[in-house]
Q: 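I have a structure here, written as C-alpha cells, and I will follow up with some questions on it.
Computed from a predicted model, the values in this text were never measured in an experiment. Chain letters run A, B, ... following the sequence lines, proteins first, then strands; residues in each count from 1.
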Amino acid sequence: MSSAHQPVQGMSDIAAPEIRLWQRVEAVAREVLARYGFEELRTPIVEFESVFTRSLGATTDVVQKEMYVFEKGGRHLALRPEGTAGVMRYAAGLAPGEAEGARWYYFGPMFRSERPQAGRRRQFHQCGVECLEPPSPLVDAEVLALQVDLLRAWGLGDCVVRLNTRGAGGETAAVTAGLRAALQPHQADLCDNCRRRFSENVLRVLDCKTEGCRTVVAGLPPVTDFMSTASRDYLAQVAGHLDALGVACRMDPLLVRGLDYYEHTIWEITSEALGAQNAMSGGGRYRIQIGGRELTGVGFAIGLERVISVLQTLGRTSALLPAPPPLVWLVGLGEQAIQGNLALMQQLRAAGLACRMAPGGSLKSQMRAADKSGAAWAVIRGDDELTQGLAALKDLAAGRQESVPLDRLADELIRRAAASRQ
RNA sequence: GUGGAUAUAGCUCAACUUGGUAGAGCACCAGAUUGUGGUUCUGGCUGUUGCGGGUUCAAAUCCCGUUAUCCACCCCA
C-alpha cells in the first residue's frame, strides 16, 4: 500500500541540506557553459511520443519499455526520457540556417520507468549540451573539452573520459556485420545474455561484465577496423584537437553508447564511486531526422544525481558549498522588545544581512534556537535593556557579550558582518 | 520486466532463530541555572512493529498476500 507521505516510486524530493549542493552544481555549470558560448534552452517536459520514437530509435529499450506515455485529447504524449530529442524538435522549427550554429544547454528532469536502484531513479535530472554547428572533429573536441571543464569546476577533474567512434551513419550495418563475423567462432564462450545480444544488439557484447565475454572481446579487432578510412581519420583528428585543448582522455574501442542517433565521436565518463550504474555522463555526435529535416550535432548529458552522489562519496562537497553568510539571531522578551526586534530584523535584512528570530518562548529556548541555527550573534532585549535603551549583543562563538545603545545597534551589526566576510 | 534482501519511536538500530505486556543510543522537551546557547548531570515524551489477512489462549516474532525501500540483472545519465 502506498503511504500518503511517500512520493511515487523512483521519484524523490530534494530538500535541504542536499538542495544547496544541487544549486551550486547548477550555478557553477552555468558559469562554465557561458564561457563556451552556450545559451540555455528550456523545452517542455511533455512532447509528442513520436519526437522520441523517431529520434532515439523505435526499438531501443528507452522507447519500448521505459517511456511514460499517455493519451490526452487523442494525442499520444510522453514524458521526456532524455533531452536531445526535444531540443532537436525545437531546432527543426527554426528558419533554415538558424539552427545551424546553435549552442544550447539545458537542465531538467527526465523520466524513465525503470526499476529503481543505486544511481537510477524514475525521475532523474540531467544537464545537457547540444552544439549544432557544422560537423567537424574540432567541434566535437571542443564540446568534449567543455564536458571535462564542467567536471573540473565541480571538483571532479580527475575523472577519466573514454573515447570511441561509431563510424559514419552509413557504416553501422558494416560494423554490426563485421562484429558478428568476428564473434561467430566464439559464440560458445559467451554468456547467455551475450548470445542473445549477438543477434539483437551485438555492440553490447563489447561492454559485457562477464569474465568469459571479456576475454573473447579482448581478442577482437577494434571496431574501427570495420569502418572507412575517413571515419578512422575523423577520430584521429578529434584526438589531435583534444591534445591541443589540453584534454586528457583514453581511447576505448570497447565503449558503446545505446541510442540509435549517434555517429562518429562518442564518449563516456564513469566513476567507481557509483554502483553498478557507473556512467556519470555520456555524449557524442548524432544525426536526427525530424520534421522533414536532418539535423546533426554533438552533445552530452550528465546525470546530476550521479554527479552529486560521486561528490558525496568522495567527500568533495564542502569545496563546492560556500560558507553560509553570518546570521544575526534576535532574542526578545516581552511584547515591546519583540516589536522592536521586528523592526530591527527588517532593517538588517534590507542592509543585506541574514537575520532571524524565534516566534517566542523562554530566553533559554530562544538562545538554544540561536545556537542550533549556527548564528554568529544574538541580540538580546528584555526589560533591563528596554529601560536603559540598550540591547545585549552576544558573540555566540566567543561567548562574549556587551551592551550596545539601540541607536547604534544596526550599524554595529552591519560593521561586524562586513568584517567577518573579509 | 526478472532476481535477492529489507520494512520496529523523528533518525540509527535491538528484540524475530526458540511466540508470552515494545527496548537502547541519538534527537526533542523540562529541570539543575526564575535573564543566557554550546559541555555535564537528572527527569520526561514519542510506536496502529509498512499495510491486509491467516494460524494461535497469545504474533514485532510463524504463514499467505500486498505496497514501498535497498541492491543486482536488463538497459541507461
Q: Can you find a side chain N or O atom of Arg80(A) that sits less than 4.0 Å from OP1 or OP2 on rA77(B)?
A: no

Q: Without decimals, in angstroms, what is the distance between Glu130(A) CD and rA77(B) C1'?
A: 13 Å

Q: Please confirm whether the shortest side-chain N or O distance from Gln117(A) to OP1 or OP2 of rA72(B) is below 4.0 Å.
A: yes

Q: What distance, rounded to whole Å, do you find between the two C1' atoms, one in rG23(B) and one in rC57(B)?
A: 26 Å

Q: What about Lys364(A): does its side chain form a donor-acceptor pair under 3.5 Å with the base of rG37(B)?
A: no

Q: Of the nucleotides rC73(B), rA77(B), rG37(B), which one has an atom closest to the side chain of Arg112(A)?
A: rA77(B)

Q: Nearest to the Arg368(A) side chain among rA72(B), rG37(B), rA77(B), which nucleotide is it?
A: rG37(B)

Q: Quick check on RNA chain B: between Pro116(A) and Tyr262(A), whose nearest nucleotide comes earlier from the 5' end?
A: Pro116(A)

Q: Give a yes/no answer on whether the side chain of Arg115(A) brings an N or O atom under 4.0 Å of OP1 or OP2 in rC71(B).
A: no

Q: Using the ring of each side chain (for Trp, its six-membered ring), is His264(A) parallel, tilted or perpendicular to Tyr234(A), with breaks at 30° and 60°?
A: parallel

Q: Any side-chain N or O of Gln366(A) below 4.0 angstrom from OP1/OP2 of rG37(B)?
A: no

Q: Side chain of Ala279(A): nearest nucleotide among rC28(B), rG35(B), rA77(B)?
A: rA77(B)

Q: Show, in sequence, the C-alpha distance, side-chain angles and deciding distance for Glu402(A) and Arg416(A), and conclude whether the salt bridge (Lys or Arg N to Asp or Glu O under 4.0 Å) test is met.
A: CA-CA 13 Å; Glu402(A) 57 194 276; Arg416(A) 289 195 187 196; 2.9 Å; yes

Q: Any side-chain N or O of Arg400(A) under 4.0 Å from OP1/OP2 of rU36(B)?
A: no

Q: With no angle test and no hydrogens, is the base of rG35(B) tied to the side chain of Glu385(A) by a donor-acceptor pair under 3.5 Å?
A: yes

Q: Begin with the C-alpha distance, continue with both residues' side-chain angles, and end with the deciding distance and a verdict on side chain to side chain contact (heavy atoms under 4.5 Å, CB included) for Val379(A) and Trp377(A).
A: CA-CA 7 Å; Val379(A) 172; Trp377(A) 305 284; 5.6 Å; no

Q: Counting distance alone, no hydrogens or angles: does the base of rA77(B) have a donor or acceptor under 3.5 Å from a partner atom on the side chain of Glu114(A)?
A: yes

